[in-house]
Amino acid sequence: MDSTESSQLSLLSTIESLRTGKVTSADLVGAALDRIDQVNGPAPSFDGTEGAINAWVRLYPERARAAAQEADMRLAQEGDDAPLLCGVPIGIKDLYAVEGLPLTASSAVLEGNIADESSALTRHLETQGAVVIGHTHTHEFAAGGSTHQVGNPWDLSRSAGGSSGGSAAAVASGQVPLTLGTDTAGSIRIPASLCGVSGFKPSISVLPTDGIIPLSYTLDHAGPLAPTIADCAVALNSLRDAPRTSSPFGLHSAARLEELPTRALNVPTPLKGVRIALTGRNMGDIVEREIVEALEQARAACEALGGEIVELPQPRDMDKAAYDTILLAESRDFHRQFAEQETQYRGSTRDFLAFGSAPITAQDYLGAQRDRIRVTKAWDTWFQENRIDAVLEPTQAIVAPKRGHGYDPDQQIGGEDPMTLFTALWNYTGFPAATLPVGVGPESGMPLGVSLISAFGRDRALVEICLSLQAQALPALKKPGQTASAGAQA
């Protein structure tokens, strides 16, 4: 199998090719590394270069080839009993620790840092036989939504989004069929949407964040990015078995993630009886026309599959100041250990952390967490009383912006950012949220996506809805077959 063939594989088709003996893990890893050479641009770099994707911070080719050989032996010995992700090449965001490998959060602050222990999820995946190709770029310390060292594969002059921008770009350009990201205000869903792939933020606490460099202890979620929601479900079915700890600060019960379906029901109206709500929240002038049109297209798709669309006002809005209080208090607590290295941070991150500023008081922090609990309970009640299966809304307010200024000082954060305008609430409540592509904008030529959200613990029901939409109405986008110097392609 050559790199062009491998680049068109979804995670499910990659697994099928491995299980049928059409390819070996060694073949896939070799093809992935060749594909990276062809489309990613020059050698991975800290700042990236104009006209390059630059999805990766670091690659580990020799380690990956050795792991692929071990996976092939395991597949030969265990056959269909081998774990599903055995032999699959993957990328992990540069926040996930791998014992003995560099871990830098795409920041000069951690240059030379080596992880002494693997994160719970990477340890589990490698135990399952998944092959880590390398670390993907994050917006520095995940403290922003641009990852501007990474180019969007659909148009290299535009942002891939963030903070899991490298993870999204690697999947969108066919370099690997699965990556892991983190999501604190939309950092899985936003780059997935901007790059035209699928992303899934599960209910908070169902996946452990142990060994992941935090942005916010109680807002962070871990999850997959992949070509389709079915691929995300496959990944989550493996990740859900990773050893789990209790939820940070006990804000949510440590719910067990049910096994998720990976195939849609083959019936004409799979959403019959499903109630999908449009709340109209945040749908102001800031939301661009192509985004509104994508939402209308998704609404029509839901109705065509038998879904019942209901328009309801939201029960209670998130207090954006409370969200930011939690985010800033927890981020600054983690980063105070690096205060003497303040000048090594990028401008926007340094501005965000505001070393030397007055500390956020315990009273303000606890007050923000109390607001969070009230908002979460209000939405829980709203879902139950109105018998809502999912909320449908845009993933972000604007199409992929031009690349280049994401690390400038004075960037917007939290609920004020047009990128996180819709997404941050669902980190605040901890509800599961998925994004999937709707199509390509007729004017921008860029991917457009929508999000669906269910109540806490209703991950399986959400996956079922998304599977039906993607199988019968909103198909996954073809990859934008670019080379490192190519321009936009629709």
Side-chain angles (χ1 to χ4, degrees), residues 183-186 189 200-206 216-221 246-255 257 274-284 286-287 295 299 302 307-330 360 363-397 413-417 420-435 450-462 465:
D183 194 310
T184 307
R189 294 159 286 160
F200 199 97
K201 180 195 79 65
S203 294
I204 197 168
S205 82
V206 299
S216 172
Y217 310 121
T218 69
L219 294 168
D220 289 350
H221 298 60
S246 60
S247 177
F249 296 87
L251 284 172
H252 298 267
S253 61
L257 184 65
V274 173
R275 284 170 60 85
I276 298 172
L278 293 169
T279 68
R281 74 180 188 96
N282 294 335
M283 291 297 292
I286 192 175
V287 184
L295 182 65
R299 172 181 180 154
C302 291
E308 180 187 357
I309 298 292
V310 294
E311 296 186 12
L312 292 170
Q314 63 176 333
R316 182 167 182 160
D317 199 3
M318 177 183 77
D319 185 330
K320 295 178 176 62
Y323 174 93
D324 289 346
T325 294
I326 295 168
L327 175 65
L328 290 170
E330 294 178 357
I360 294 170
Q363 182 178 5
D364 286 343
Y365 175 78
L366 293 174
Q369 290 287 15
R370 283 194 296 272
D371 178 81
R372 182 181 181 183
I373 292 168
R374 288 191 293 267
V375 170
T376 301
K377 286 182 177 179
W379 277 95
D380 266 327
T381 300
W382 181 87
F383 268 94
Q384 292 175 26
E385 291 182 348
N386 293 291
R387 297 180 292 109
I388 299 301
D389 295 292
V391 170
L392 172 66
E393 60 186 24
T395 301
Q396 74 290 324
I413 61 168
E416 301 297 333
D417 187 341
T420 61
L421 188 66
F422 297 101
T423 52
L425 170 64
W426 310 118
N427 296 84
Y428 203 62
T429 64
F431 292 176
T435 187
V450 293
S451 287
L452 290 112
I453 304 96
S454 289
F456 179 76
R458 296 277 293 163
D459 301 65
R460 181 183 176 90
L462 180 59
I465 294 169

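Atom OG1 of T429 and atom CD1 of I453 lie 9.0 Å apart (nearest 0.5 Å). Going from atom CG of L366 over to atom OG1 of T325 covers 11.0 Å, rounded to the nearest 0.5 Å. With rounding to the nearest 0.5 angstrom, the OG1 atom of T218 is 9.5 Å from the OH atom of Y428. Note that OH of Y323 and OG of S216 are 6.5 Å apart. Values are rounded to the nearest 0.5 Å. Atom-to-atom distance recorded for T435:OG1 and D183:CG is 10.5 Å, nearest 0.5 angstrom. A distance of 5.0 Å separates CD1 in I465 from OG in S454, rounded to the nearest 0.5 Å.
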Checklist entry - Step by step, would you call L278 with L295 a side chain to side chain contact (heavy atoms under 4.5 Å, CB included)? => result CA-CA 10 Å; L278 293 169; L295 182 65; 4.2 Å; yes
Next on the checklist: For a side chain to side chain contact (heavy atoms under 4.5 Å, CB included) check, start with the C-alpha distance between Q369 and R372, then their side-chain angles and the critical distance, and finish with the verdict.
Outcome noted: CA-CA 5 Å; Q369 290 287 15; R372 182 181 181 183; 3.2 Å; yes
Checklist entry - For V375 and L425, what are the C-alpha separation, side-chain angles and deciding distance, and is it a side chain to side chain contact (heavy atoms under 4.5 Å, CB included)? => result CA-CA 9 Å; V375 170; L425 170 64; 4.1 Å; yes
Checklist entry - Could you walk me through whether V391 and W382 pass the side chain to side chain contact (heavy atoms under 4.5 Å, CB included) check? => result CA-CA 11 Å; V391 170; W382 181 87; 3.7 Å; yes
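Applying the salt bridge (charged side-chain N to carboxylate O under 4.0 Å, His left out) test to pairs two or more places apart or on separate chains, those with a residue in residues 379-390 are D389-R458.
R189 places no side-chain N or O within donor-acceptor distance of the main-chain N or O of S451, the cut-off being under 3.5 Å. Remark: the backbone N or O of H221 is not paired with any side-chain donor or acceptor of N427 at under 3.5 angstrom. The backbone N or O of F431 sits less than 3.5 Å from a side-chain atom of K201, completing a donor-acceptor pair. Between the side chain of W426 and the main chain of A434, no donor-acceptor pair closer than 3.5 Å is present.
The two residues S203 and P432 have their closest heavy-atom pair at OG-CD, 3.2 Å. Across all non-hydrogen atoms, the minimal contact from L452 to A390 is CD2-CB, 4.2 Å.
Taking 4.5 Å as the limit, every side-chain heavy atom of V310 sits out of range of all side-chain heavy atoms of N386. Taking the side chain as every heavy atom from C-beta outward, Y365 and E330 approach each other to under 4.5 Å.
A search for side chain to side chain contact (heavy atoms under 4.5 Å, CB included) contacts involving N282 returns K320, L421, F422, not counting sequence neighbours. Legend: residues meeting salt bridge (charged side-chain N to carboxylate O under 4.0 Å, His left out) with R370, ordered by chain and number and at least two apart, are absent.
R316 has a carboxylate O that lies under 4.0 Å from a charged side-chain N of D371, or vice versa, which qualifies the two as a salt bridge.
Between F383 and W379, the ring-plane angle classifies as tilted under the 30° and 60° cut-offs.
Donor-acceptor pairing under 3.5 Å is lacking for the side chains of E393 and T279.
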